[in-house]
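Worksheet for the structure shown next.
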There are 2 protein chains.
Amino acid sequence: MAKKLTFGGRLRELRLAKKLSQRELADKVASRLKEDDRRGFDFTYLSKIENDRLPPPSTPAILALAAELDADSDELLALAGKAPPDVGDELRKKEGARVFFRSATQQNLTEAEWQRLQAYLERMRKEGK
Amino acid sequence: MAKKLTFGGRLRELRLAKKLSQRELADKVASRLKEDDRRGFDFTYLSKIENDRLPPPSTPAILALAAELDADSDELLALAGKAPPDVGDELRKKEGARVFFRSATQQNLTEAEWQRLQAYLERMRKEGK
DNA sequence: ACCGATGTTGAGTTGAGAGTCAACATCAAT
DNA sequence: ATTGATGTTGACTCTCAACTCAACATCGGT
């Protein structure tokens with residue numbers, strides 16, 4: 001059975017795979033963030049996060065990390081227990097999405113059932129095009 | 001065309017429909033919150049929120065308000081621009097859910113399409129039972 | 001005219017999220 | 001044994017969301 005990774009553990013994996021030091025990665029992330037955000041990203045902060053001594057960083061920081069590491073931002077956001085920002089927007093704007101989400105979570109669907117829904121969505125798309 | 005309500009406006013509607021004063025409602029919400037949370041809920045705060053002079057309150061407070069007013073918490077959360085609290089959890093646990101919402105969001109579905117999905121989900125449930 | 005209930009406002013407080021900074025430990029290479 | 005690069009840690013800071021508090025305005029009832 002696959003080992004269950006924490007956010008920090010996965011982040012370290014990804015960083016090492018890219019052969020970056022904490023300082024390098026933190027600096028790159030910091031410059032990505034400085035552009036719009038006013039927050040920084042120190043390498044000592046990264047260290048604590050990798051060791052799960054602090055909770056995962058903010059959503060913008062996670063997105064910057066994923067971008068820098070060519071990683072799947074949804075995976076990291078999920079490990080951090082946060083919803084992707086655009087999914088959040090969709091739920092905020094579309095009542096239908098909200099209703100759907102409510103029923104889906106209440107039914108506690110299996111992976112197979114999610115895949116069926118995915119397939120149906122796929123069919124809808126083709127037909128609609 | 002239906003008038004577009006703000007969070008504050010809708011909240012006031014709901015409160016008046018229940019014939020509660022700001023003090024009464026705020027007190028009830030406060031006692032609901034005190035149980036787990038350490039935050040309060042003052043009537044003057046409620047006043048400002050109803051007049052949209054302050055942003056909507058925290059998610060726990062919105063949930064308590066909805067419960068006290070027998071209102072739909074998803075509606076209030078949506079008006080407040082917040083995602084329902086369990087979104088992160090569901091997406092964390094089920095990869096299928098993540099993939100599904102990603103595609104659905106990217107396709108920018110209409111309300112009608114969300115309803116079709118909802119109908120399909122309904123069918124799945126009946127058949128699976 | 002007064003009183004109690006209700007609602008509004010400006011100023012102030014507080015706790016937590018999101019980091020920073022200085023100092024130290026470890027290790028490989030020279 | 002020194003140096004340079006890397007990682008770890010504890011203590012601190014800073015900002016802002018989320019409120020509270022005291023004071024005042026308005027209005028209906030008596």
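Letters A, B, ... are given to chains in the order of the sequence lines, protein chains preceding strands, and every chain is numbered from 1. What you see is a predicted model, and the numbers here were worked out from it, not measured in a lab. When reading the values below, keep in mind they use all heavy atoms of this one structure, side chains included, and skip hydrogens, waters and symmetry mates.
F41(A) comes within 4.0 angstrom of the backbone, heavy atoms only, and of no base. Here S58(A) lies in heavy-atom contact (under 4.0 Å) with sugar-phosphate atoms only. Looking at heavy-atom distances under 4.0 Å, R23(A) makes contact with a base.
Among the nucleotides dT6(C), dG7(D), dA18(D), the one closest to any side-chain atom of Y45(B) is dA18(D). Between dG7(D), dG19(C), dT9(C), one nucleotide has an atom nearer to the side chain of Q22(A) than all others, and that is dG7(D). The side chain of F43(A) has dG7(D) as its nearest neighbour among dG19(C), dG7(D), dT20(C).
Atom-to-atom, CG of L33(B) to C1' of dT20(D) comes out at 14 Å; the value is rounded to the nearest Å. Per the geometry, CG belonging to L25(A) stands 16 Å off C1' belonging to dA5(D), to the nearest Å. Taking atom CG of residue D52(B) and atom C1' of nucleotide dT9(C), one finds them 15 Å apart after rounding to whole Å. The separation between E50(B) atom CD and dT9(C) atom C1' is 15 Å, rounded to whole Å. Regarding L20(B), its CG atom lies at a distance of 14 Å from the C1' atom of dA5(C), rounded to whole Å. When rounded to the nearest whole Å, the span between CG of L54(A) and P of dC12(D) equals 16 Å. In this structure, CG of L46(A) is placed 16 Å from P of dA18(C), rounded to the nearest angstrom. As rounded to whole Å, 4 Å separates atom P of dT8(D) from atom CZ of R12(A).
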Inset, instruction - Any chance you could lay out the side-chain hydrogen bond (donor to acceptor under 3.5 Å, both in side chains) test for D86(A) and T105(B), step after step, and finish with the verdict? - result: CA-CA 7 Å; D86(A) 49 353; T105(B) 302; 5.7 Å; no
Inset, instruction - Please report the C-alpha distance between L11(A) and R15(A) in whole Å, then the side-chain angles of each, then the deciding distance to 0.1 Å, and finally whether the side chain to side chain contact (heavy atoms under 4.5 Å, CB included) criterion is met. - result: CA-CA 6 Å; L11(A) 185 53; R15(A) 177 176 62 83; 5.7 Å; no
Inset, instruction - Assess whether side chain to side chain contact (heavy atoms under 4.5 Å, CB included) is satisfied between L14(A) and L76(A), documenting all intermediate values. - result: CA-CA 10 Å; L14(A) 289 166; L76(A) 287 177; 4.1 Å; yes
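In this model, the phosphate group of dC19(D) is not approached by any side-chain N or O of R53(B) to a distance below 4.0 Å at OP1 or OP2. The phosphate of dG7(C) (OP1 or OP2) has no side-chain N or O of N51(B) nearer than 4.0 angstrom. Using a 4.0 Å cut-off, no side-chain N or O of R39(A) falls inside it from OP1 or OP2 of dA18(C). One finds a side-chain N or O of R15(B) lying less than 4.0 angstrom from the OP1 or OP2 phosphate oxygen of dG7(C).
Interface remark: the K48(B) side chain does form a donor-acceptor pair with the dG10(C) base, using a distance-only criterion of under 3.5 Å. Between the side chain of T44(B) and the base of dC19(D), no donor-acceptor pair of N or O atoms lies under 3.5 Å.
More than 12 heavy atoms of other residues, nucleotides or ligands sit less than 6.0 Å from atom CD of Q118(A). No more than 12 heavy atoms of other residues, nucleotides or ligands lie within 6.0 Å of NZ in K28(A), so this atom counts as exposed by the packing criterion.
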